[in-house]
Amino acid sequence: MYKILIVDDEENIRLIIKKYALFEGYETDEACDGMEAVEKCRKNHYDIIIMDIMMPELDGFSACREIKKEKADIPVIMLSARGEEYD
């Protein structure tokens, strides 16, 4: 079974993603900010991470860089509410 880490500071977003992932048969875990995501990745194995970019404590880009230092092969899907082309 594939395990997904869902990282977003908004609980409703995490719950929506979790609902669809569970429906498709994936196991899920959640983190509410980048720091928690980094810690969970150090302790657990995930097949993929779905991560928000704009979060408190440690933003998604910085968290992704930290995670990739130790687990370079894990795919990360970044979510963003930003809408400008330069973003």
Side-chain angles (χ1 to χ4, degrees):
M1 177 180 296
Y2 291 105
K3 190 168 183 180
I4 300 172
L5 176 61
I6 304 164
V7 187
D8 200 304
D9 59 321
E10 293 187 38
E11 183 178 13
N12 287 337
I13 301 293
R14 291 193 316 267
L15 291 175
I16 290 168
I17 296 169
K18 181 178 181 174
K19 178 180 176 180
Y20 282 101
L22 291 173
F23 180 78
E24 292 295 329
Y26 298 107
E27 187 177 336
T28 64
D29 200 358
E30 299 176 43
C32 61
D33 60 49
M35 292 297 291
E36 185 179 2
V38 171
E39 288 303 315
K40 285 192 175 218
C41 285
R42 286 184 178 138
K43 297 175 183 174
N44 301 292
H45 167 77
Y46 299 102
D47 296 293
I48 191 166
I49 300 170
I50 301 174
M51 185 177 321
D52 185 23
I53 292 174
M54 297 170 44
M55 293 182 291
E57 300 294 321
L58 188 66
D59 66 77
F61 289 128
S62 299
C64 186
R65 277 192 293 275
E66 287 299 312
I67 292 166
K68 291 286 190 173
K69 285 179 184 177
E70 296 178 29
K71 300 185 179 198
D73 61 337
I74 188 167
V76 180
I77 297 173
M78 302 297 280
L79 302 178
S80 176
R82 296 179 178 184
E84 299 301 317
E85 188 173 316
Y86 65 86
D87 290 330

- Query: Between CG of Asp47 and CE of Met1, what distance do you get to the nearest 0.5 Å?
  - Reply: 11.0 Å
- Test salt bridge (Lys or Arg N to Asp or Glu O under 4.0 Å) applied to Glu57 - qualifying residues, sequence neighbours left out: none
- Query: Under the salt bridge (charged side-chain N to carboxylate O under 4.0 Å, His left out) rule, what pairs show up with a residue in residues 1-11, not counting sequence neighbours?
  - Reply: Lys3-Glu27
- Looking at CD1 of Ile50 and OH of Tyr26, how far apart are the two atoms once the value is rounded to the nearest 0.5 Å? 9.5 Å
- Message: Hydrophobic clusters here meaning ILVMFWY residues chained together by side-chain heavy-atom distances under 4.5 Å, can you tell me if Ile13 and Ile48 are in one?
- Response: yes
- Query: Is Met35 linked to Met78 within one hydrophobic cluster, defined over Ile, Leu, Val, Met, Phe, Trp and Tyr using a side-chain heavy-atom separation of less than 4.5 Å?
  - Reply: yes
- Tested for side chain to side chain contact (heavy atoms under 4.5 Å, CB included) against Ile49, the lone hit among Val76, Asp29, Ile6 is Val76
- Least distance between heavy atoms, Ala31 atom then Lys40 atom: CB-CD, 4.4 Å
- Is there a donor-acceptor pair under 3.5 Å between the side chain of Lys71 and the backbone N or O of Arg42? no
- Separation between CG of Asp33 and CG of Asp59, rounded to the nearest 0.5 Å: 11.0 Å
- Taken to the nearest 0.5 Å, the spacing of Glu36 CD from Glu39 CD works out to 9.5 Å
- Is it true that Ile53 and Leu5 fall in one hydrophobic cluster, defined by side-chain heavy atoms closer than 4.5 Å? yes
- Message: Ignoring hydrogens, what is the shortest heavy-atom contact between Cys41 and Ile67? Give both atom names and the distance.
- Response: SG-CD1, 3.8 Å
- What one should report as the nearest heavy-atom pair of Met51 and Ala63 is SD-CB, 3.8 Å
- Message: In this structure, would Phe61 and Val38 fall into the same cluster of hydrophobic residues linked by side-chain contacts under 4.5 Å?
- Response: yes
- Any salt bridge (charged side-chain N to carboxylate O under 4.0 Å, His left out) pairs touching residues 12-25, not counting sequence neighbours? Arg14-Glu30, Lys18-Glu30
- Message: Would you say Leu22 ends up clustered with Ile17 if hydrophobic residues are merged whenever their side chains have heavy atoms under 4.5 Å apart, either directly or through other cluster members?
- Response: no
